Each structure stands twice: as C-alpha cells, then as structure tokens.
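Scroll down for the structure; my scribbles are underneath it.
These numbers were taken from a predicted model, which means no experiment stands behind them.
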Amino acid sequence: MKICENKNTGQFFIHIDDLSPDKRLLVTPEGQVKSLQADLFYDPFEADEIDFRDKHLVTDKQLQMHHIIERST
C-alpha cells in the first residue's frame, strides 16, 4: 500500500495513482476517492497496512475503500 502525507495537516492519504504530474488519485481519511493537487503531499511511500492501521494513521473507511479499489482492478 502506498501512502502520501499531507504537508499541511500531517494526515495520511492512501495513494491510488498519479493522474498527471500535478494530480494524484487518493483515498481521504473519510474514505472518499479524490483527485488532489500533488504539491499538497509529500512523495508516496510504501507502508505496511497493518502497522498503519494499528497506529491509527489510516482509518477503517480508507482501508475499506482501498480494498474495494484493489478488488476492482
């Protein structure tokens, strides 16, 4: 699972895809899939899903949406 940290809030978003050099498709902490400006986030990095869940760095809603997206691809 790839994660991006928001530079302003410190919240973690699940990275789905780079849509362009300026836009990323992400799963928000509320579990919504949104196209957001890439410059609002640090570069995506690989993260352990269980570790991030256990430390409450990603939400259950995010993980549920991430699993739905993974199954559909």
Compare every heavy atom of [Y] with every heavy atom of [X], then report the nearest pair and how far apart it is.
X	Y	value
Pro29	Gln11	CG-NE2, 3.8 Å
Pro21	Ala38	O-CB, 3.9 Å
Phe12	Leu57	CB-O, 3.4 Å
Lys61	Glu30	CD-O, 3.5 Å
Pro44	His15	CG-CD2, 3.7 Å
Glu49	Met1	CA-CE, 3.5 Å

Test side-chain contact (heavy atoms from CB on, under 4.5 Å) applied to Leu63 and Arg53, step by step:
CA-CA 8 Å; Leu63 292 173; Arg53 183 197 66 214; 3.7 Å; yes

State whether the number of non-hydrogen atoms from other residues, nucleotides or ligands found under 6.0 Å of Lys55 atom NZ is greater than 12.
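Check fails, neighbour count at 12 or below.
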
Does atom NZ of Lys2 have more than 12 heavy-atom neighbours, drawn from other residues, nucleotides or ligands, at distances under 6.0 Å?
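Check fails, neighbour count at 12 or below.
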
Side chain to side chain contact (heavy atoms under 4.5 Å, CB included) partner of Phe13, chosen from Thr28, Leu25, Ile3, Leu40
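Passing option: Thr28.
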
His66 and side chain to side chain contact (heavy atoms under 4.5 Å, CB included): which partner among Val33, Val58, Ile16?
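Of the listed residues Val33, Val58, Ile16, the side chain to side chain contact (heavy atoms under 4.5 Å, CB included) partner of His66 is Ile16.
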
Kindly compute the distance separating CE (Met65) from CG (Leu26), expressed to the nearest 0.5 Å.
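Answer rounded to 0.5 Å: 13.0 Å.
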
Which of parallel (below 30°), tilted (30 to 60°) and perpendicular (above 60°) describes Phe52 and Phe45?
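Phe52 and Phe45: tilted rings.
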
Trace of the side-chain contact (heavy atoms from CB on, under 4.5 Å) decision for Cys4 with Asp43
CA-CA 6 Å; Cys4 292; Asp43 289 338; over 6 Å; no

Is there a side-chain contact between Ser35 and Arg24 in this structure, where contact means two heavy atoms from C-beta onward sitting under 4.5 Å apart?
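A side-chain contact under 4.5 Å is absent here.
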
Looking at Asn8, is its backbone amide N or carbonyl O close enough to the side chain of Asn6 to form a donor-acceptor pair, meaning the two atoms are under 3.5 Å apart?
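It does hold such a pair.
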
Flag, side chain of Gln62 to backbone of Val27, donor-acceptor distance under 3.5 Å:
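Looks like yes, one N/O pair under 3.5 Å.
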
